[in-house]
Amino acid sequence: MLNALEVITTVVVGVMVGVEFSVAFVMNRIFNALPEDSDQLARSRGGRMLGAVMPVWYIGSLVLSAIWAVAGWHHHGAGLVVTAGGLLIVSVVMSVLLLVPINNRGKTWTPENRPADWKEQMNRWDRYHYVRVAVIIAAFTLLVAALV
């Protein structure tokens, strides 16, 4: 049972890392190259879509890691799983305090109502997101290391 939990947790966190990595290094670069208002419209749509899914994914990843840490407390790699869980907590706190407020504003913007500094706000979101991606990559790496 513990083996299944380990694999499921690692896959769930790994896929989350893949999505967030893709947003940071693929999708946002595509959006930035779009003409006229398309960048802002794409980010607004992405903010609505992913803003609905990612909270469940982040919390679910954290819960799975916590269950793994408790269930495997006396097994090899438990410290790595606890540390990975701590990093996932950091990613959730970063999301709530730094990224979600910007995302909540951005997902309501249209070319008609967006603020003059919308690009600056999106650039700030991108910088925070790069840090969050690094944090969840580190958590994923620790979970993988705990498997061996």
Exercise. Evaluate the side-chain contact (heavy atoms from CB on, under 4.5 Å) criterion for residues I8 and W68: first the C-alpha distance (whole Å), next the side-chain angles of each, then the deciding distance (0.1 Å), finally the verdict.
Key: CA-CA 10 Å; I8 290 168; W68 177 0; over 6 Å; no
Quiz item: Step by step, would you call M54 with M16 a side-chain contact (heavy atoms from CB on, under 4.5 Å)?
Solution: CA-CA 8 Å; M54 296 315 287; M16 180 180 73; 3.8 Å; yes
Quiz item: Can you tell me if E112 and T110 form a side-chain donor-acceptor pair at under 3.5 Å?
Solution: yes
Practice problem: With sequence neighbours left out, write down each residue that passes ring pair (Phe, Tyr, Trp, His ring centres under 6.0 Å) with Y130, or none if nothing qualifies. | Solution: F25
Exercise. Decide, yes or no, whether a salt bridge links D37 with R114 under the criterion of side-chain N to carboxylate O below 4.0 Å.
Key: yes
Quiz item: Has the side chain of H75 got a donor or acceptor atom that lies under 3.5 Å from a matching backbone atom of A69?
Solution: no
Quiz item: Does the side chain of R43 come within less than 4.5 Å of K107's, by heavy atoms?
Solution: no
Self-check item: Counterpart residues, salt bridge (charged side-chain N to carboxylate O under 4.0 Å, His left out), relative to E6 (two or more places apart)
Solution: none
Exercise. Please test R48 against T108 for side-chain contact (heavy atoms from CB on, under 4.5 Å), starting from the C-alpha separation and ending with a verdict.
Key: CA-CA 8 Å; R48 286 190 301 276; T108 66; over 6 Å; no
Self-check item: Flag, side chain of S65 to backbone of G85, donor-acceptor distance under 3.5 Å
Solution: no
Quiz item: Is it true that a side-chain atom of S22 and a backbone atom of G18 form a donor plus acceptor pair closer than 3.5 Å?
Solution: no
Quiz item: Side-chain heavy atoms under 4.5 angstrom apart, residues restricted to Ile, Leu, Val, Met, Phe, Trp, Tyr: same cluster for L80 and V90?
Solution: yes
Practice problem: Evaluate the side-chain proximity of L142 to V81: yes if any heavy-atom separation is below 4.5 Å, no if none is. | Solution: no
Quiz prompt | Connected-component partners of F31 among ILVMFWY, side-chain separation under 4.5 Å | solution = V26, M27, I30, L34
Exercise. Would you please name every residue forming a side chain to side chain donor-acceptor pair (under 3.5 Å) with Q121, sequence neighbours left out?
Key: R105, D117
Quiz item: Tell me the salt bridge (charged side-chain N to carboxylate O under 4.0 Å, His left out) pairs involving residues 132-148, sequence neighbours left out?
Solution: E20-R132
Quiz item: Do the non-hydrogen side-chain atoms of F140 and L87 ever get within less than 4.5 Å of each other?
Solution: no
Exercise. Look only at the side chain of S44 and the backbone of L41, and say whether a donor-acceptor pair between them is shorter than 3.5 Å.
Key: no
Practice problem: Answer whether the closest heavy-atom distance between the side chains of Y128 and S95 falls below 4.5 Å. | Solution: no
Self-check item: Qualifying residues under salt bridge (charged side-chain N to carboxylate O under 4.0 Å, His left out), relative to E120, sequence neighbours excluded
Solution: R124
